[in-house]
Amino acid sequence: MAKAALLWLLASICLALQSWVGDATIYGKANESQRAMLHQAILDNHPPGGKAWAEWGALSVQKRVGVVYLAEAVRTATGLRIGAVYKLIDTVFLMLSLVALFAYLRRWTSSTMALVGVLYFSALLPLTYFFQLFHPWDRLQLFLWIVLLGLIADRRFGLLAVGLVLSVIVKFDTVLLPALYFAAHLEREGRARLVAESLVLAALVVGTSMMLGQLFGDPAEASRFALSGVLDQLASNWAKLKAMTLSYPPLLVHALPLGLALFGWRGQPRFVAVSLLFALAMSLIHLLLTNYEEVRAHMMVLVLALPAALVTVQRLLSRS
């Protein structure tokens, strides 16, 4: 009965977000033609309208082919219009992400605290529907992040290797997860084996990323990693923070859980503590290299920080 009620709750959250927020933003009719055009452009590996990918504000998206090929296969099999296919994929993987997040948080906290974490996560999800036109990989990649974190915690090397390759084909932001795998298990015996496994995982993600770069890359991508590009991005993010002040999405999403997690840093389980450090590193990378207000791209930071934040809250409640 409890499981059925939980699924009903999560399904209600998912459908409410997709229908009432999604249809008014990213799934709106006004954007459908542009989304279809970008879908076809990635399939063709050629930017639309004779422009460069950077001119569309879509630098590097041409390499995120996994969900685009999946959507095209579903469209071909069902005859649905491509906009409906992307909404269907988003809805399925958003629901799966909420279920997976509850199971992931339940590893370290009570069912009540895990539910609190999922509800906090859900309350901030509306912010992921803004500042974008075509980013259909976000929900699938969020689900893959949660699954991969669980596999790292359990040290399921074989499944993790397969999952990492699949995730890089969807979006390359999991390339640093072999470092988390190494750091999370460093205190255990068998360090030689751990080093070997971590190197194999790193070779797989780097090799897959390089292959995608060769097949779908754009020479202009390198400019975003130059010092001038990083400084320009940092200045842009600072200007947006000043303009939005307390409504700045990263503040709303990350400030509370990161603050709680850092407050209760001592005595956290090793994987939880290492995940928190990884969350801070990922947040810094996004701050320096991306439009930081687009929290849809770094919701994994919240996933990484939530276990430590919830453990802290649980300890505080038990003391009181």
> If you round to the nearest 0.5 Å, how far is CE of Met113 from CG of Leu115?
Replying inline: 10.0 Å
>> Return the CG to CG distance between Leu260 and Leu310, rounded to the nearest 0.5 Å.
In response: 8.5 Å
>> Using the ring centroid of each side chain, check whether Tyr27 and Tyr86 are separated by less than 6.0 Å.
In response: no
>> If you apply the rule salt bridge (Lys or Arg N to Asp or Glu O under 4.0 Å), what do you find for Asp23 with Lys29, and how did you get there?
In response: CA-CA 8 Å; Asp23 285 350; Lys29 295 291 185 182; over 6 Å; no
>> Between Asp90 and Leu94, does the side chain to side chain contact (heavy atoms under 4.5 Å, CB included) criterion hold? Intermediate values first, please.
In response: CA-CA 6 Å; Asp90 275 2; Leu94 178 57; 5.9 Å; no
>> Tell me if the centroids of the rings in His185 and Phe271 come within less than 6.0 Å of each other.
In response: no
> Side chains of Glu293 and Tyr248: donor-acceptor distance under 3.5 Å anywhere?
Replying inline: no
> With a 3.5 Å cut-off and no angle check, do the side chains of Tyr292 and Ser236 form a donor-acceptor pair?
Replying inline: no
> salt bridge (Lys or Arg N to Asp or Glu O under 4.0 Å) with Arg315: which residues, sequence neighbours excluded?
Replying inline: none
> Is the NZ or CZ atom of Arg64 positioned over Phe134's six-membered ring, under 6.0 angstrom from the centre and within 45° of the axis?
Replying inline: no
> Any side-chain donor paired with an acceptor under 3.5 Å for Arg139 and Ser97?
Replying inline: no
> Do side-chain atoms of Ser247 reach the backbone of Met244 as a donor and acceptor pair under 3.5 angstrom?
Replying inline: yes
> Going through the checks in order, is the salt bridge (Lys or Arg N to Asp or Glu O under 4.0 Å) test met by Asp154 and Arg107?
Replying inline: CA-CA 11 Å; Asp154 293 337; Arg107 291 167 174 262; 2.9 Å; yes
>> What verdict does the side chain to side chain contact (heavy atoms under 4.5 Å, CB included) test give for Val170 and Leu166, after you've listed the backbone C-alpha separation in whole Å, the side-chain angles of each residue and the deciding distance to 0.1 Å?
In response: CA-CA 7 Å; Val170 175; Leu166 290 175; 5.7 Å; no
> For residues His135 and Glu294, is any side-chain donor paired with an opposing acceptor at under 3.5 Å?
Replying inline: no
> Regarding Ser167 and Gln141, is there a side-chain donor-to-acceptor distance under 3.5 Å anywhere?
Replying inline: no
